[in-house]
4 protein chains.
Amino acid sequence: MNVHSFLLSLSYQIKHMVALSKSDIKRNALINATIKLVISNGFHATPMSKIAKEACISPGTIYLYYKNKQDLINNVYLHVKQKFTQAIFQNYTNNTPVEESFKIIWYQIADYRLKEVAEALFLSHCDNTPIIDDESRKEGIKHLQPLLDLWERGQIDGIIKKACPYVLYAYAVYPLAFLINAKQRDDYELTDESKEQAFKMAWDSIKITEHKS
Amino acid sequence: MNVHSFLLSLSYQIKHMVALSKSDIKRNALINATIKLVISNGFHATPMSKIAKEACISPGTIYLYYKNKQDLINNVYLHVKQKFTQAIFQNYTNNTPVEESFKIIWYQIADYRLKEVAEALFLSHCDNTPIIDDESRKEGIKHLQPLLDLWERGQIDGIIKKACPYVLYAYAVYPLAFLINAKQRDDYELTDESKEQAFKMAWDSIKITEHKS
Amino acid sequence: MNVHSFLLSLSYQIKHMVALSKSDIKRNALINATIKLVISNGFHATPMSKIAKEACISPGTIYLYYKNKQDLINNVYLHVKQKFTQAIFQNYTNNTPVEESFKIIWYQIADYRLKEVAEALFLSHCDNTPIIDDESRKEGIKHLQPLLDLWERGQIDGIIKKACPYVLYAYAVYPLAFLINAKQRDDYELTDESKEQAFKMAWDSIKITEHKS
Amino acid sequence: MNVHSFLLSLSYQIKHMVALSKSDIKRNALINATIKLVISNGFHATPMSKIAKEACISPGTIYLYYKNKQDLINNVYLHVKQKFTQAIFQNYTNNTPVEESFKIIWYQIADYRLKEVAEALFLSHCDNTPIIDDESRKEGIKHLQPLLDLWERGQIDGIIKKACPYVLYAYAVYPLAFLINAKQRDDYELTDESKEQAFKMAWDSIKITEHKS
DNA sequence: GATGAATGAGAATTCATTCAT
DNA sequence: AATGAATGAATTCTCATTCAT
């Protein structure tokens, strides 16, 4: 390869990078705009034109990235869900004892939701509302597999109650959504202390108690 | 009471019932239609015309009963919330021991939601979505006071954790909403057995455990 | 006729008078309500229900008196027009000299419009707007005949310009409508002095001037 | 200017014309459609859909140009008023003697209204009806300033009666509106001769007469 | 790829009119 | 005669989507 062709290739790559970048920037702006507007207005009360304006692009451009409004919301949902589960399972290994593992994951869930409030509200909104396609919803649940595996391990070890995953999720994870919603609406403060307490309650609910209560 | 006065009274009652009926039947049909359509399509994806059709009345007639769509949803929300809280606090007295009281109320909540699935889904939808006016939302929360009082009593007695009502609610009541949603969507079965288990988890999460876990 | 039948007949008459009265009261209330609402909102922006409410009757009752909304406005227009022309031509005889006659009529027009501002605005509204049926409009013009006769007399006598009635009306009468409108909107005050001046201008415009201007 | 720069300039102008066209053609079609339909049906009896159809655009497109129906009528009113006053004051200078100036303006008013009958009827409709916002109405009056100035000049010179502008307008200009209305409705013909006569009447009404009448 | 003007179907709401009482 | 609840057609306005540039 001579210098000339190398430079050509380089220029192409840079150009391509920039092109990718540009498109990724837009895609990201689009996602954030969608999240922001959906949590404050609801999906159907959020026009595509406003999403476009918030993302600083033209309404027509959205359709270069997504087939239609439903496709947009489905994809944003999956994107956020994925980002969320990626965050909460980082560093997870199945060597760690069950309780410790659960504690790590639970705090990572809590901290993520406290840091990324908009995303948390968005997920809560989508999960309690019929706006997401069944297919996408099921796709989103899959990502939780490590948590389900952990619970199964805990059940085998006699540490965690023999409830089905839905029930365990309802008590161990779902309440956090309520607390984030409340925090957003009622100035309820979720301090480190009350976070600790919430964790204890989550764990108390799913662990097996040796003594009768 | 003699026969005559009895019949008079009866006739009055019947007449009164009929008088109530005319508009109350419509109002009820309207409420049920709204609940049904909102839980399956979402509020903003449910046109007034469809609500009218479902309620077997003319679109214009809705506006004789409610000022506008927002007024309709606010009122339906408050109606359902009230009906719900009325049901779960029936027979409640503050003489009963805390745990027993909680158990009674919890089971009444669970049973009501299992029996009135549509209403339960509707409340869940409204509570996790920005469609209800702040004012109506706050109005709706008030009805829960007896439960908050019970918790306070339990805290004074050293039976219930010293968490704020939001947190207690998040763990003791909110998970049920998830289970109803799941049941509706995934054919997850909420049997008597799993109901018992769910109650145990709720109670374990909020009660104070004597021994360290 | 014996006493009994006399009393019967009397009672009938009284009853009949009352009945007439009742209906006339409603008819009047209806007319006044229509005038009031039309001048402040316009005909098409005034719902029948509001007219009914303003007249303290039920919407359905309007249709006992008038075939429909168009029929209502036509009749109100003719009623007001008739009342107006009746007022301005009272005491008119064609013995009086032309200028004096004109002065009397002009002042009666002005005074009537100043006293019955609502009616004046209503007529102005109807006359500059396509809401009145052609037929009713033509019917309304007929009532002005005495004024046209007076002008003809004036023209024969060489006192009034040989313009057609439309032109004479445009200058002698129509300007008053503008002044009433202005008075209503801009707090322009129509004092006795300016009324005198307005009359002079009306007369100057239609009278024949001996000298070149 | 050489050929090259001329062609450049021409090309720019054409491009500019075309650029203007796209939206200006629509805006104009919209204005004309509004005028036409409002004068024959009245504002509130003219649906936006009909205006759109008349202007050969889609109903939704109107809302790209005007915020709502009220905004549309306000803007059309101001547009027509401006076009009208621009036409009647062209060539006006305050060097010309008062009477001559008035004659020129009066004839320009008359001729404009005779030529642009639709616009004239539209202005008459708006000016005698509560459909225009107060703000826009006041804005529209401002344009008449030169005429008010002329009258003031005439009053200082002792040529024009010391009446306030409203009164002068009522007699000198307003009658024309009546004549145009009449011409439109009753086939009353406004010939050159009667136009001359109308002018004389307008002038007679506002000028100061040396001799008592 | 990107734009944003234009579309037109569909939404909320109003209101003239009817009709059972 | 009088009512006023009910109707449903018609109106204003919105917004997902397209397409010429």
Between [N] atom [atom2] and [X] atom [atom1], what is the distance in whole Å?
X: D/Gln70; N: F/dC13; atom1: CD; atom2: P; value: 10 Å
X: C/Asp24; N: F/dA2; atom1: CG; atom2: P; value: 11 Å
X: A/Ile73; N: F/dA16; atom1: CD1; atom2: P; value: 12 Å
X: D/Tyr63; N: F/dT12; atom1: OH; atom2: P; value: 6 Å
X: B/Tyr66; N: E/dA12; atom1: OH; atom2: P; value: 16 Å
X: B/Ile62; N: F/dA5; atom1: CD1; atom2: P; value: 17 Å
X: B/Asn68; N: E/dT14; atom1: CG; atom2: P; value: 8 Å
X: A/Leu64; N: F/dC19; atom1: CG; atom2: P; value: 14 Å

Is B/Lys81 close enough and on-axis enough to B/Phe122, meaning under 6.0 Å and within 45°, for cation-pi? no
With a distance cut-off below 6.0 Å to the six-membered ring centre and an angular limit of 45° from the axis, does C/Lys69 pair with C/Tyr63 as a cation-pi contact? no
Qualifying residue, where the test is side chain to side chain contact (heavy atoms under 4.5 Å, CB included) with A/Tyr66 and the options are A/Asn74, A/Ile73, A/Leu30: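 Of the listed residues A/Asn74, A/Ile73, A/Leu30, the side chain to side chain contact (heavy atoms under 4.5 Å, CB included) partner of A/Tyr66 is A/Leu30.
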Rounding to 0.5 Å, atoms CG (D/Asn32) and CD1 (D/Ile51) come to a distance of 12.0 Å
5'-most contact on DNA chain E: B/His44 or D/Gly60, nearest heavy atom basis?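 Closer to the 5' end of DNA chain E: D/Gly60.
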Assign each of A/Ala45 and D/Phe43 to its nearest nucleotide of DNA chain F by heavy atoms, then name whichever residue's nucleotide is nearer the 5' end.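 Of the two residues, D/Phe43 wins.
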Quick one: on DNA chain F, does A/Met48 or B/Cys56 contact a more 5' nucleotide (nearest heavy atom)?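 First, find each residue's nearest nucleotide; the 5'-ward one identifies B/Cys56.
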With heavy atoms under 4.0 Å as the rule, sort [X] into base, sugar-phosphate or nothing.
X: C/Lys67; value: nothing
X: D/Tyr65; value: sugar-phosphate
X: A/Lys53; value: nothing

Within the structure, does a side-chain N or O atom of [X] lie under 4.0 Å from either OP1 or OP2 of [N]?
X: D/Lys50; N: F/dT11; answer: no
X: B/Lys69; N: E/dT13; answer: no
X: D/Ser58; N: E/dA6; answer: no
X: B/Thr61; N: F/dT7; answer: yes

Checking side-chain polar atoms at under 3.5 Å, does D/Tyr65 have a donor or acceptor matched by the opposite partner on D/Asp71?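 There is no such pair (donor and acceptor under 3.5 Å, judged by atom type) between the side chains of D/Tyr65 and D/Asp71.
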Complementary nucleotide of E/dA20, counting Watson-Crick and G-U pairs under 3.5 Å: F/dT3
Side-chain contact check for A/Pro59: nearest option of F/dA6, E/dG4, E/dA16 is E/dG4
